[in-house]
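Data first, discussion second: the structure below is written as structure tokens.
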Amino acid sequence: MAGVKQFDRNEALDRAMAAFWSRGYEATSIDDLVVATGIGRGSLYGTFGDKRQLFLAALDQYWNTVGMEMFAELSDPDARHAIERMFDALIRRASNPKFPRGCIFTNTSLECPNCGDEIARKIAENMGQQESAIYQVLRKAQADGTLSQTQDARALARFFLGVAWGINAVNKSVADPGVFRDMVRVAMTAWETPGAAQRKGSRLTAHGRSNDSHRFDRRKVPVGGGGSHSSK
């Protein structure tokens with residue numbers, strides 16, 4: 001229509017997402033969004049609704065672009081490599097100066113008490129999606145024999161998700177990929193192969209019996225050899 005400024009909705013969402021990602025939900029004003037998107041207030045409200053609705057749309061945009069780039073790595077047929085590639089993608093993004101620090105979901109979760117239930121639910125749903133994606137990879141690993149059946153796949157999925165969110169939190173202050181790789185290297189030691197789990201169990205059984213017996217025998221030996229130690 002003549003006189004109506006046309007714009008690309010996805011491009012506008014990308015710019016709004018970047019503004020929210022850099023400043024946070026509360027600190028980003030409508031004026032900031034007008035400047036970031038290059039869209040007037042009327043068109044902004046008419047297209048996206050209020051600031052909250054625009055933010056919810058920006059969260060979806062983040063997940064469908066930045067987030068999916070990371071979680072697409074989970075499609076690797078080698079389950080362990082899939083988890084490692086997920087972390088590698090996260091480290092590349094966290095180390096890239098063209099992106100704002102942290103993750104828009106992680107950043108907002110720290111701000112969430114002041115953002116309202118609708119935004120909190122969106123973050124919780126996203127965490128659930130991420131956890132489920134990792135869990136499915138771990139269950140596949142157990143099915144193909146590369147991850148011990150004795151491990152709790154759900155708990156391990158939550159642990160790996162926690163490491164990912166921890167990297168995002170650290171990234172607010174640090175952009176050193178070496179720091180993130182150290183975090184991932186230690187985290188991946190939680191992955192036990194069936195053979196390693198069996199050897200660990202054998203060592204614990206053997207050492208546990210020996211050590212328990214030794215401690216029990218020491219408790220039976222009177223201190224000082226006499227009976228004068230009976231009072232307390």
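Keep in mind it's a predicted model, so treat the numbers as computed, not measured.
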Quiz item: Looking only at heavy atoms, what is the nearest atom pair of Leu147 and Leu138, with distance?
Solution: CD2-O, 3.6 Å
Quiz item: After noting the C-alpha distance and the side-chain angles of Glu84 and Met188, does the key distance pass the side chain to side chain contact (heavy atoms under 4.5 Å, CB included) rule?
Solution: CA-CA 8 Å; Glu84 291 173 335; Met188 291 306 296; 3.9 Å; yes
Exercise. Give the C-alpha distance, both sets of side-chain angles, the deciding distance and a yes or no for side chain to side chain contact (heavy atoms under 4.5 Å, CB included) between Phe160 and Trp191.
Key: CA-CA 10 Å; Phe160 285 146; Trp191 183 295; 4.2 Å; yes
Self-check item: Euclidean distance, Lys172 NZ relative to Ile167 CD1, rounded to 0.5 Å
Solution: 16.0 Å
Quiz prompt | Non-hydrogen atoms of Pro100 and Ala18 that approach each other most closely | solution = CG-O, 4.3 Å
Exercise. Evaluate the ring planes of Phe55 and Tyr25, with Trp represented by its six-membered ring, and classify them as parallel (under 30°), tilted (30 to 60°) or perpendicular (over 60°).
Key: tilted
Quiz item: Distance only, no hydrogens: is a donor on one side chain within 3.5 Å (strictly under) of an acceptor on the other, for Gln142 and Arg139?
Solution: yes
Self-check item: Ser43 side chain vs Gly40 backbone, donor-acceptor pair below 3.5 Å
Solution: no
Quiz item: Does the side chain to side chain contact (heavy atoms under 4.5 Å, CB included) test come out yes or no for Met17 and Tyr62, once each step is laid out?
Solution: CA-CA 7 Å; Met17 177 188 76; Tyr62 181 92; 3.6 Å; yes
Self-check item: Considering all heavy atoms, the nearest Asn10-Asp8 contact
Solution: N-OD1, 3.1 Å
Practice problem: Could you grab the distance from atom CD1 of Ile39 to atom CZ of Arg9, nearest 0.5 Å is fine? | Solution: 10.0 Å
Exercise. Please examine the side chains of Ile134 and Leu74, heavy atoms only from C-beta on, and report whether any two atoms are closer than 4.5 Å.
Key: yes
Self-check item: Approximate separation, where rounding is to 0.5 Å, of Asn126 CG and Leu59 CG
Solution: 8.0 Å
Quiz prompt | Beyond-backbone contact of Asn171 with Arg93, side-chain heavy atoms, under 4.5 angstrom | solution = yes
Quiz prompt | With sequence neighbours excluded, residues passing side chain to side chain contact (heavy atoms under 4.5 Å, CB included) with Met68 | solution = Trp63
Practice problem: Return yes if some donor-acceptor pair links the side-chain N/O of Glu69 with the main-chain N/O of Ala89 below 3.5 Å, else return no. | Solution: no
Quiz item: For Glu118 and Gln53, what are the C-alpha separation, side-chain angles and deciding distance, and is it a side chain to side chain contact (heavy atoms under 4.5 Å, CB included)?
Solution: CA-CA 10 Å; Glu118 197 173 6; Gln53 294 306 310; 3.7 Å; yes
Quiz prompt | Thr37 side, atom OG1; Leu13 side, atom CG - distance, nearest 0.5 Å | solution = 9.5 Å
Exercise. Report yes or no: does Gln61 contribute a side-chain atom to a donor-acceptor pair with the main-chain N or O of Arg15 at less than 3.5 Å?
Key: no
Quiz prompt | Any side-chain heavy-atom pair of Arg154 and Glu131 under 4.5 Å | solution = yes
Quiz item: Among the clusters formed by ILVMFWY side chains lying less than 4.5 Å apart, do Leu110 and Val66 turn up in the same one?
Solution: no
Quiz prompt | Side chains of Ser29 and Asp31, donor plus acceptor under 3.5 Å | solution = no
Quiz item: Are Leu44 and Val35 linked, directly or through other ILVMFWY residues, by side chains that come within less than 4.5 angstrom of each other?
Solution: no
Quiz item: Under 6.0 Å from the CG atom of Asp50, do we count more than 12 heavy atoms belonging to anything else shown?
Solution: yes
Quiz item: Can you check whether Thr28's main-chain N or O pairs, donor with acceptor, with Lys51's side chain at less than 3.5 Å?
Solution: yes
Self-check item: Separation between CE of Met127 and CD of Glu125, rounded to the nearest 0.5 Å
Solution: 12.5 Å
Quiz prompt | Value rounded to 0.5 Å, distance of CG in Asn96 from CD1 in Ile91 | solution = 13.5 Å
Quiz item: Do you know the tightest heavy-atom contact between Arg80 and Asp78?
Solution: N-OD1, 3.2 Å
Quiz item: Hey, does the side chain of Ser75 reach the backbone of Ala72 with a donor-acceptor pair shorter than 3.5 angstrom?
Solution: yes
Quiz prompt | Side-chain donor/acceptor of Asp76 to backbone N/O of Ala82, under 3.5 Å | solution = no
Practice problem: Quick one: do Arg181 and Asp88 satisfy salt bridge (Lys or Arg N to Asp or Glu O under 4.0 Å)? Show the steps, please. | Solution: CA-CA 8 Å; Arg181 291 194 188 101; Asp88 284 344; 5.8 Å; no
Self-check item: Non-hydrogen atoms of Phe71 and Ala133 that approach each other most closely
Solution: CD2-CB, 4.1 Å
Practice problem: Spell out, yes or no, whether Tyr135 and Val137 are grouped together once hydrophobic residues are joined by side-chain heavy atoms under 4.5 Å, including indirect joins. | Solution: no
Quiz item: Looking at Ala19 and Ala36, what are the two nearest heavy atoms and their distance?
Solution: CB-CB, 4.0 Å
Quiz item: Are the side chains of Thr193 and Thr146 in touch, meaning some heavy atoms are under 4.5 Å apart?
Solution: no
Exercise. Among residues two or more places apart or on two chains, list those pairs meeting side-chain hydrogen bond (donor to acceptor under 3.5 Å, both in side chains) that have a residue in residues 98-112.
Key: Thr106-Asn168
Quiz item: Going only through I, L, V, M, F, W and Y residues with side-chain contacts under 4.5 Å, is there a path from Phe159 to Trp165?
Solution: yes
